[in-house]
Structures are given as C-alpha cells and as structure tokens.
Number of protein chains: 2
Amino acid sequence: MERCLLRQVREHNGSEVTVWGKVLVVRDHGKVLFIDLADRTGSVQCVLKGDHPQFAEAQKLTPESILMVTGAVQDRSEKNRSDGDNGALEILVSSFSQSAAAQTLPFDRDADINIDTLFDYRPLTLRRSREQAVFRVQMSVAQAFREYLSGEGFMEFQAPAIVGGDAEGGAEVFGVDYFDKRASLATSPQLYKQILVGAFERVFSVGNVFRAEKHSTSRHLNEYTSMDFEMGYITDHTDVQAMLEGCVRHIVRQVADRCKNHLTVLEASLPIVPETPFPSMKLTEAQVLLSEKYGISCEGEKDLAPEHERVLCEHAQKETGSDFIFITHYPTETRPMYTYDDADDPGYTKGFDLLFRGIEISTGGQRIHDYSTLIEKITKKTGIADPETVFSFYLQAFRYGMPPHGGMGMGLERLTAKLCGLQNAKEASMFPRDRNRIDVKLYDE
Amino acid sequence: MERCLLRQVREHNGSEVTVWGKVLVVRDHGKVLFIDLADRTGSVQCVLKGDHPQFAEAQKLTPESILMVTGAVQDRSEKNRSDGDNGALEILVSSFSQSAAAQTLPFDRDADINIDTLFDYRPLTLRRSREQAVFRVQMSVAQAFREYLSGEGFMEFQAPAIVGGDAEGGAEVFGVDYFDKRASLATSPQLYKQILVGAFERVFSVGNVFRAEKHSTSRHLNEYTSMDFEMGYITDHTDVQAMLEGCVRHIVRQVADRCKNHLTVLEASLPIVPETPFPSMKLTEAQVLLSEKYGISCEGEKDLAPEHERVLCEHAQKETGSDFIFITHYPTETRPMYTYDDADDPGYTKGFDLLFRGIEISTGGQRIHDYSTLIEKITKKTGIADPETVFSFYLQAFRYGMPPHGGMGMGLERLTAKLCGLQNAKEASMFPRDRNRIDVKLYDE
C-alpha cells in the first residue's frame, strides 16, 4: 500500500491508509494505547485497543522508534487536543511493523539543555522542534539570498576552499597538506569573486570559509557559511549598500512568509525593516554620537567594540525604527588591501559594516579596480615589494580591464542566530567546528 | 545620468543614454570609428566621427578596456550585421570616459586554446563566450537540482568541510592542521546527510568535497562540487533511483529552457531523456551483455572499466532511446561500509551508478539503517573491532531510531562537462585544483 504523508491523512477519513514515521510518545491507558506518530509533514494519533494481537508489542515501543502503521482514519474519540492539523482525527491501527527500535533519548526532548549536551548529542538534538525551526529558517535565508541576486542578474559560482595563499592577508589560516606542497583553506572567496566581476559582471556564492582564529566567543565559528556577492559598474560603495539592503528586505520578507510557525516555536520576532533606506553614518560620526549621547568615549578608536555595536543598534531602533544600521568609512589601516580609499576623506575607506540586533552581520564596500593603485596598496599593506610574485593570478584580472566594483560578505550562521534570537552563533551551525570540537570534543576534560 | 543596460538600449531609440561596458573590438575606418561595447546583458556598436574631440583618444582604445559612454541611440547606418539584439541600432557617442585600460589579451579570444593556456590565464579565459556558456549552464544545473528537491520536501543543509575522519573509509584524504590536532577534508557529506535523515527525513546539499587521489585523468578533480540528497522511509534503492530520475528530468528541462543560446555557443545537444523510466540492469547482466553482444569479456570483474561504461551508454541510446542508464547491484566488497546488501542476491548491494554519455555521473543506493547490522558491517569493512570508538557521533543516529533510507551523490562538474560536450571535467571547474595546479602551476617545468 502506498505511503500516505501525515498532512494528507485528513483526505482519507473513513478509509484505510499506510503511514510511516517516528514515535513521539506512547500513552498506555491499560485497555487502550495511544501512539503519537510524526513524519516530516505532521503528526497523528494512532490507537490500539486492548484486544489487538500486537498490543503487548505496542506497550514496549519507545520514542524515536520507526513504525509503519496501517489502519482506518476516523474521527477522534477524545477531542480535547488541538495540536497540529490532525487534532480531530486518529488512526485505528490494524497492524504495524517496526523498522528500528530506539534507546531512550539522553536528554529531555523539550527542556532547556546546556550547550555541551546540545553539541555532544547533535545527531539527536537536531530532532528537537527548536533546532528544526532554526535550520528551516536558515534554509529560507540562503534560498532568499540566492533568489534575490539571481533576479538582479547575478551569476552563482562555487568558490574553491583549497587556496594557495590567504585572501584577506592577515586572517589566520588552516594549513593543508596538498600532495607534497602546502596549501591553505580559504578565509573568503574575495579574490575569486573580484576576478569573476571581470568575466560575469555580477556574481554571488554561498559556501564554507575557514578562520583559524583561536578566540572562542559566542559570535565566532572556525568554519562558517559565507554569503557573498560582488558587482561591477558601481559609482561607489553606496551602490553595494543599496543592493545589500534590497537583499536583506527580500530575506526578511521570505522568512516572514515561509517561517511563521518556526519563529513562533523560537519565540522570535521579525526584524523591523524601515520603509526608507537603512540609517547610515560614518564611523567617526558614530563615535561622536556614542560619546555625546551615551557617554561612551571611543573617539579616535579604529573600530567599534561589541558594546558600541550594541548601543548603536539600540539607537537606530529607537530613533529611526530600524533594526539595521550601516556604519561606513572605517580607517584604511584596518581594512584589507583591496579596499577603496575615499579621496574626499583621507585615511578612510569607501566601505561599510551592516549592524543588526547588536552585531555586525556584513562587511563590504568598493574595491580598487585600477591596476597600479592596487599594486601600490598591496605593497603598502603587505610589505611585498613586487606583488606580481605572489598575486600574479589575481592581478591578471586588473591588467586586462576591470570595471569599478564592490561587494560584501555576510555570515549565514550569525544572521540566522540573530533572526532566531539565539545567544550563540554556534547554535545556528548544524555541525559547529571550534577549537575544542569537530563533532566530538577534541580534548578530554 | 542613470546607467542603461545594453538590452534596454532599443527602448531609447532617438534619446540619449549612458551605457557602461567593456570594449570588445575597435574598428578604425579613418573618418569614422566603431567600438563594440558589451555588458552582461548584450552588446552595441558605438560610433565616433572624425571631428569628435575624443577621436584620437578613441583610436588608442584596446579590447577589454572599461568605458562609460553617453550618446544618442539611432538607427544603424550600415545594417549588414545581425549579431545580438542591437544589430539594427548604434549609439552616436557624445562623450566617453575610460575607467580601466587593458593590455592585449595573451591569447586569441575566439580560437581554440590548449588546456594549460586555458587555466594559466583563467581570470581572462573565463571572459570567452565559450567559458561563459559553460558556467551559465552549470548555474542552471545547480539551481534546477535545488528547485526539484525543495519541491519534493527536501531540506537544504551546508555540510562541513573539516572533518575528524574519512566518510568513505578508504578514499585518500587531505590532512589539515587543526590548531594542535590533525583533521582532514571531507570526501563526501555522506555521514552527515544520513544523520540528518533522522532529523529532517529528506535533505540535500551542494558543496565542495575533496579527494587526494594522485591520478590525473580527464574525469577527476581534487576538489569538486558534490550534489547530494538522502531520503528516509524508502522501500529500497529503486525509490532513490526514481527520485534521481525525476531530478535529472527537471535539470534537463531547465537547461533546455534557460540555456538554449549557451548550448548553441558550445555546439552541444540536449540529452535524450526517455518518456519511460530510464533503462536499468544489474552489473552482472551488463557484463553478460558486453560479452555476448559486444565481444568484451569482463564477466566476474568487480566494476566497470571506462570503456565498458562507454559501450553501455551507446547501447542504451541505440536500443532504448535513452542517454541515461542505471547499473545496479555492484559487489558488496567494492562498496562503502554503509551500503545495504541485497538478501535476495548475496554478495551484491542495493545500489546503483547512473551512466550518462559514456561516464558515471552519480552513485547511490539504500543504506543500512539497523544499528547492529551497521556495527557488524563497519567492523567487517574497516577491521575496527569496536566501531563506537571511531564512529560514536555518527552511530548515535542509529542507536536512537533511523528509518530505512538511501540517497545519492552527483558531481556537478562532471555532469556539466557532459551536458556541454567538454572533453575534460576540469573545463567545468572555474578554478580547478589538481596535483599540479592551484590557480597557478605548482611546479616549474
């Protein structure tokens, strides 16, 4: 008999169906036994009477066990529950077979659990409704990112993870044994997406990047998913900001449409996206604001501290009704070699960070497109006298005509965490890698 | 003035526009000069008369240079060309400015070039219309793969690249320095997608995988893009075959819809997809066929050689009108530890390869879902006495209830190469990694 998905059960009231799913809970009332069964589309109550030949077998069923059940769909005898779409129905079991028996879960399915338990038992904690909701939201975010950019004429590409050098020049990298040579893991698709602007004008990618940073914080992962785009023929960084803003609006709209139930499970609220452009201010302006309005003295500092980002987000929400705020014009010395300097604001760059709910979720800006300017900047930044000796592959694109361009990168896990109201970006990684963990803990305690 | 995309130029006949693009070619007729300009949406001819104040400057323009051009759209004076949508129009230049000058390309833009030139100058060869077509097709394949599976209730996930062990057990892996520990690069998302079947029932991923195999052939890459899915609640491997078949049909349909012009550029033909299910035969049956019909003696061999795959594809096309053929039931000893054995056919597995245009493009099948069967099989396959010491993380999923399941993996580059009629899978990788190359050659010759 063909499998009936649980969301389709109600179309078969009065008929016999075969359903397949996992046991959520068994309630044994002595003369009658109830099994709540779930598949990817919903759940349903299955009923066995005391005289059923498999009654004793059913009494031994444990949660997470896998069952195939055949029985008649009927109106539910006790209608005091309203959970799910099948709350008014049940299946009167004629027979069932078990494909896998399960041990009892080593944690309470619905209780709060600590972060070590969450990751030690990751294959199992991913079965919790809270974790299911997080990754359904994440899938919608990635899909919406691709949809928006495809619609704007961007070409998708798959960036390589094994690279010869370090794109960001300065970030700590993981080394790889590449046959008898040494290679490293990409910290960003940056150089490749710039190269591709010369070929496809507009490109984007969603892929894994790797940072060998030793710090262990709630905002960092050693392997994460970077959503990147790069676009040619821009006037300046504000074109990139406008594209990112459109993309973020689309992501929030899609999450609102597709993930309502998931946000409810997570007790998370939708971001406030203003009708008007996102608020935007220069770093130095932000520092004056922090000092004058919030008594936080940080003028002259080269970057924002986490606390500053938090206060600026609160400010933006209160004053402009936006959960998003751009901070632009970070100092040249803190930005990578390919960053475009603002001639009208010497020492500062045509770049931005996008802050959301207290944290930087994206970094971007205009890039240098002129070959000799780039050569000069690389030498200044890295100390390499002849950049062609190290960056010849990348530099080809600039020797043979590159349009003015810019782009941005955005961490999928960090954005997902903030959308879902999670405390730690690691909770938005299915299989987080940090200094102490690759699936299992790397060190005994 | 706002940028006008070249595909929109015809909407402005009689008016002034500003366009931005790269120079394809400059034709200097002495008293008049033509510049063919291209952006991502098309191309147009721009005209300067001999008395134009920038005429001398225009004479020095080189292909690949980046120009912003302002001028009036008018009917074309010489209408002897029919290339592109703007063949009947031209722009009479009032002014232009150059954002980047280009050196002359180190190869002929439209000629055949050898594979070393193709990759030595990859940032530039990706600007050729042939390479543009290949990667537009590739983008459509990846998008169609995701579309189809999302529509079938599959959940997308991002598989980790840094892993503690080797999923396939036997494939050669690249080692990674992970802080003061050793890790390796994933050869497949296999164990993760199985774990996720326990949580989400149906999952898919598109991501980079890594094989440290030393052989250098036209079908192998050391880093490639693996398109994978895994599905729960199957009866056997034929459910996986049916899902893959639906997916391949959708991919071919989408490539047909979206990539007609690209296939023309590549002189490639669309695959023949039969109305009926794809032909399918057991390995032993295929070997009898090869022997009896084609005089190729290979009965008793444990796998098909490339030559055998080629002949079987020709056979399928001739006899059944299909460019695709499934070969099932490979021997247990040649398949990974998680492979499901066929009780009705001892020594053979409920698995398949999908062959297309002479080559295996996908491998899949049913997986073991029973904990004790899996433990036994791992020990037999790997020699590890207690698999829990090595695979405890993976095995959690099986201790706590796993549905019967199966899935498949398919290399994006290999499929793209075959769809585009390329000789070498590397040509379908933007930045191919092999033993001798990471962007630049690793060894002097």
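Below, read A as the first sequence line, B as the second, and so on, with proteins coming before strands; counting in each chain starts at 1. Worth knowing before you read on, the calculation uses all heavy atoms, side chains too, and leaves out hydrogens, waters and symmetry mates.
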Toward chain A, the part of [X] with a non-hydrogen atom under 4.5 Å:
| X | value |
| --- | --- |
| Arg40(B) | both |
| Ile234(B) | backbone |
| Thr225(B) | side chain |
| Asn436(B) | neither |
| Leu412(B) | neither |
| Asp120(B) | backbone |
| Glu64(B) | both |

Interatomic spacing from [atom1] in [X] to [atom2] in [Y] - rounded to 0.5 Å:
| X | Y | atom1 | atom2 | result |
| --- | --- | --- | --- | --- |
| Arg399(A) | Leu124(B) | CZ | CG | 8.0 Å |
| Gln103(A) | Tyr371(B) | CD | OH | 7.0 Å |
| Arg182(A) | Ile438(B) | CZ | CD1 | 11.0 Å |

Among Ala199(A), Ala100(A), Pro63(A), single out the residue with the greatest number of heavy-atom pairs under 4.5 Å to chain B.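 Highest number of pairs under 4.5 Å: Ala199(A).
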Looking at Lys22(A), Arg202(A), Lys214(A), which has the largest count of heavy-atom pairs under 4.5 Å with chain B? Arg202(A)
What part of [X] is in contact with chain B, defined as an atom under 4.5 angstrom from a non-hydrogen atom: side chain, backbone, both or neither?
| X | value |
| --- | --- |
| Gln158(A) | side chain |
| Asp439(A) | both |
| Thr104(A) | backbone |
| Met155(A) | both |
| Tyr121(A) | both |

So which heavy atom on [X] is nearest to which on [Y], and how close?
| X | Y | answer |
| --- | --- | --- |
| Ala159(B) | Glu223(A) | O-OE2, 4.4 Å |
| Ala161(B) | Asn208(A) | N-ND2, 3.6 Å |
| Ile195(A) | Phe431(B) | CG2-CZ, 4.1 Å |
| Phe393(A) | Phe119(B) | CE1-O, 3.8 Å |

In terms of relative ring orientation, are Phe174(A) and Phe179(B) parallel, tilted or perpendicular, with 30° and 60° separating the classes? perpendicular
Taking the side chain as every heavy atom from C-beta outward, state whether Pro123(A) and Tyr394(B) have any pair of such atoms under 4.5 Å apart. no
Does the side chain of Tyr178(B) come within less than 4.5 Å of Leu442(A)'s, by heavy atoms? yes
Which one wins on heavy-atom pair count under 4.5 Å against chain A: [options]?
| options | answer |
| --- | --- |
| Pro404(B), Gly401(B), Ser429(B) | Gly401(B) |
| Gln132(B), Gln138(B), Arg122(B), His369(B) | Gln132(B) |
| Met402(B), Met139(B), Glu131(B), Met430(B) | Met139(B) |
| Val206(B), Asp370(B), Thr62(B), Asp180(B) | Asp180(B) |
| Phe210(B), Phe135(B), Tyr192(B) | Tyr192(B) |
| Gly232(B), Ser65(B), Pro106(B), Pro432(B) | Pro106(B) |

Show your working on side-chain contact (heavy atoms from CB on, under 4.5 Å) between Ile162(A) and Asn222(B) and close with a plain yes or no. CA-CA 10 Å; Ile162(A) 297 176; Asn222(B) 291 107; over 6 Å; no
Could you tell me whether the side chain of Arg433(A) and the main chain of Pro160(B) form a donor-acceptor pair under 3.5 Å?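 Flag not set: sc Arg433(A) to bb Pro160(B) has no pair under 3.5 Å.
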Residues 140-147 of chain A vs chain B, non-hydrogen distance cutoff under 4.5 Å, contacting residues -> Gln143(A), Arg146(A)
The ring pair (Phe, Tyr, Trp, His ring centres under 6.0 Å) partners of Tyr400(B) (sequence neighbours excluded) come to none
After noting the C-alpha distance and the side-chain angles of Tyr233(A) and Ile66(B), does the key distance pass the side-chain contact (heavy atoms from CB on, under 4.5 Å) rule? CA-CA 9 Å; Tyr233(A) 301 105; Ile66(B) 306 296; 3.5 Å; yes
